[in-house]
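The figures that follow rest on heavy atoms only: side chains count, while hydrogens, waters and symmetry mates do not. Proteins get letters first, then strands, A, B, ... in listed order; numbering begins at 1 in each.
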There are 4 protein chains.
Amino acid sequence: MGEDREWAAVTAALAEAGAWLYARGLVPATSGNFSARLADGGLAITVSGRHKGRLGPRDFLRWHPDGRCEGEGRPSAEFGLHRMLYARDPAIGCVLHPHSPAATVLSRHVTGPLVLAGYELLKAFPGIATHATRLLVPVLDNDQDIERLAGAAAAALDGAGPCWAFLIRGHGYYTWGRDAAEALRHVEALEFLFECELRSAALAHR
Amino acid sequence: MGEDREWAAVTAALAEAGAWLYARGLVPATSGNFSARLADGGLAITVSGRHKGRLGPRDFLRWHPDGRCEGEGRPSAEFGLHRMLYARDPAIGCVLHPHSPAATVLSRHVTGPLVLAGYELLKAFPGIATHATRLLVPVLDNDQDIERLAGAAAAALDGAGPCWAFLIRGHGYYTWGRDAAEALRHVEALEFLFECELRSAALAHR
Amino acid sequence: MGEDREWAAVTAALAEAGAWLYARGLVPATSGNFSARLADGGLAITVSGRHKGRLGPRDFLRWHPDGRCEGEGRPSAEFGLHRMLYARDPAIGCVLHPHSPAATVLSRHVTGPLVLAGYELLKAFPGIATHATRLLVPVLDNDQDIERLAGAAAAALDGAGPCWAFLIRGHGYYTWGRDAAEALRHVEALEFLFECELRSAALAHR
Amino acid sequence: MGEDREWAAVTAALAEAGAWLYARGLVPATSGNFSARLADGGLAITVSGRHKGRLGPRDFLRWHPDGRCEGEGRPSAEFGLHRMLYARDPAIGCVLHPHSPAATVLSRHVTGPLVLAGYELLKAFPGIATHATRLLVPVLDNDQDIERLAGAAAAALDGAGPCWAFLIRGHGYYTWGRDAAEALRHVEALEFLFECELRSAALAHR
């Protein structure tokens, strides 16, 4: 696939993911950001401040491995978190950062990591073959210093074992996959599990 | 109706049911599975791992009464539960297995079967003519050994009296009907009742 | 307007109301029923057991003031409640009976009538000009004997002052208006208020 | 832009905002009202009692700075609140007043102003660059005397520091922006934050 066709396909997949997320209230008020890896090692990343439910060709920047950024506008402020994830794991092809009330409330409610255990839907994540699994979702304190936040996230991921997402307190979460379709499937699974955890917490201690 | 036309009609009805369920968040992240009985005693069953909201002709397998499976891919892992239901009751023409946060949370919250009583909507199930009814929904512990799980489900159904669904803990539920339309009506009724039970539980003991 | 055109217009308005209600989950699993008054004192009423989200011309019966019922099928089982409302108040032109989880849970939670007070949205009901109003919504015990239930509803309405709805425990509610548009506006207001009451109840006593 | 074209563009933007809000249940039962500032210092304001999800050209009035009101019908009863906001701050180009169950329940639950703190989504509001912010949303007691309510709102805003919304108890909220798009973005952010606060409150003290 030529470089131009690759770019068109990759950004179209991210735009479609954005429309899906927006329709479900997961990227309100221009929040959230998305990226995908290109064949040359570069990245496509959303421009900061754009409406994530109707992304067009001019709402993405092309980041080159030499650090140049092609396109108009600044990349999303949290681009450093995306780059950290791609650098850690060559199998990651797409990173999505949605917000949702359930994720946000849980991230402020739990102490320590969120532990997802006993759910059949855990099998939506690669390498998980039984509900009798404990999946840890690290929860990081929010930080406007993105390099510092990326460092904390990397450290949390190092200690978490197989991991498919992390929460940032009061902020939303990051999840990823080999492409946009897989990353979106992880969003679907996580939103389901977050909703289960939050509704369960409203029943606890009775 | 010729065998080919029957196949086309049956799989189209299941695909339509899948689209309906997906739009309501009941089969997230490729979860869930659906089947229907054919005139020759065979079954149509969804292929494992497919997106349940946009099922096409190649997303179904034809299981023959002699045990052969026609089509590409493996049947959904839980096909044994479907076969158990068809074998128990010749009136069943369609089996649906959705997931929902409400069903999943309830299945982890209750001890013993879920008891649905006093709801007018119980009359949505065949043979129920008054709200003054106690409908039991057995809750099974989840098990990745599907034959064992099917055996436990059959035993629970044997002891439950008239029954239109069972829950699997942390997993979702099974419901059925003479065709896809009736099975879907049972999903609608169950989701309503699960939501009522869960919202009531968030009010309890005050 | 000729009798045929009146019939077409009235049933089309009820079908549109049904589609609106179904899309919001308020008439699940063929539940609910709708009616409208005709110029000759007759009524249009939904046929029992039909899908309330896609009503066509054959899903309505024409009831004549002399007691004859024209059309195929039986009227909704609760037609007696509709007739009671039309007989009590000549200003009523349309009666809607939706179900919703919020209404159903509240109807099982409250003791005595539901009291709606202090909400600006109370002004959606005719004759209410300030939030500083107490609107009573009587709650009746469910009863499969519809004539007895209609008698209990009439007695509750007699004692309730200006009233725009009543709940039946575990069942749903009735509301009305001079036409389908006004009755539907009352559904919108009631669903909003029921949701407010139920979410408030989940916060109470903390 | 000619005066007529300005009017068409401004009212079309408000109608589009109304359709968006209605689809999300934020202006039920003809509640809510919207306005925008015109180049000559006049205002476009919704006519009282109209369906806010399908506003057409005749559902707006043109208010002139000399106090004349052009068009059919009365302006929304709360027009005085809109005028107060435009008079206080020349940067405001659009005012939206939605209702939502979450906002309404919170407005009855909190004592004192609602304090939104620690949320990344606070950065959706102009001038906020970090989650480590406390945004106050004043809560006013409801009052059918709109001039008195407008006076109370102005006093609350004077004391609140940078402020992008106020709640009226049991009633809904007001938010604003330089144009309809910005005001709508504030609605999105507020609904997200209200939902987070309300779901958190259902978990508190366990």
Side-chain angles (χ1 to χ4, degrees), chain A residues 16-17 20-21 23-26 96 98 100-103 105-106 115-135 164-165 175-177 179-206, chain B residues 21-33 48-54 76-78 81 97-111 139-146 148-149 167-174 194-206:
Chain A
E16 197 185 332
W20 189 94
L21 292 163
R24 284 154 183 82
L26 303 181
L96 300 177
S100 73
V105 172
L106 274 179
V115 182
L116 300 170
Y119 292 105
E120 181 75 8
L121 219 75
L122 290 168
K123 291 165 65 181
F125 298 101
I128 297 185
T130 171
H131 64 282
T133 299
R134 282 167 54 92
L135 182 68
W164 294 99
T175 188
W176 47 85
D179 54 23
E182 188 178 78
L184 220 42
R185 203 178 72 221
H186 295 166
V187 169
E188 275 197 279
L190 289 163
E191 287 295 332
F192 180 94
L193 295 165
F194 292 158
E195 189 67 20
C196 286
E197 287 290 306
L198 190 56
R199 297 195 76 169
S200 295
L203 304 174
H205 310 309
R206 312 251 166 136
Chain B
L21 292 164
Y22 184 76
R24 284 154 183 81
L26 302 181
V27 285
T30 82
S31 69
N33 38 72
S48 180
R50 299 295 162 82
H51 191 296
K52 298 310 184 300
R54 32 183 201 241
S76 289
E78 294 152 58
L81 280 163
H97 168 40
H99 291 228
S100 73
T104 303
V105 172
L106 274 180
S107 74
R108 291 161 63 107
H109 182 63
V110 297
T111 54
V139 182
L140 307 169
D141 284 328
N142 200 3
D143 192 334
Q144 298 300 323
D145 180 330
I146 296 301
R148 194 164 56 195
L149 184 55
L167 287 156
I168 307 175
R169 206 172 315 279
H171 183 155
Y173 59 100
Y174 279 80
F194 292 158
E195 190 66 21
C196 286
E197 286 290 306
L198 190 56
R199 297 195 76 169
S200 295
L203 304 175
H205 310 309
R206 313 251 166 136

Which pair of non-hydrogen atoms, one from [X] and one from [Y], has the smallest distance, and what is that distance?
X        : Y        : answer
A:Thr130 : B:Gln144 : OG1-CG, 3.4 Å
A:Cys196 : B:Pro101 : SG-CA, 3.8 Å
A:Leu203 : B:Ala202 : CD2-N, 3.5 Å
A:Ala124 : B:Ala29  : CB-CB, 4.0 Å
A:Arg199 : B:Ala102 : NH1-CB, 4.4 Å

Using a 4.5 angstrom heavy-atom cutoff, name the option from A:Arg24, A:Glu195, A:Arg185 with the most pairs to chain B.
A:Arg185
In terms of heavy-atom proximity below 4.5 Å to chain A, should B:Ser100 be classed as side chain, backbone, both, or neither?
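Contact with chain A involves the backbone of B:Ser100 alone.
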What part of B:Leu198 gets closer than 4.5 Å to chain A, counting heavy atoms only: side chain, backbone, both or neither?
both
Chain B heavy atoms under 4.5 Å from A:Ala129: which part of the residue, side chain, backbone, both or neither?
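Backbone only.
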Checking heavy atoms, do the side chain of A:Ala117, its backbone, both or neither come under 4.5 Å from chain B?
backbone
Could you pull out all residues at least two apart from B:Glu197 that satisfy salt bridge (charged side-chain N to carboxylate O under 4.0 Å, His left out)?
none
Using side-chain heavy atoms (C-beta onward) and a distance below 4.5 Å, is B:His99 in contact with A:Glu120?
yes
Residues two or more places apart in sequence or in another chain: which of them pass ring-ring contact (aromatic ring centres under 6.0 Å, His included) with A:Phe192?
none
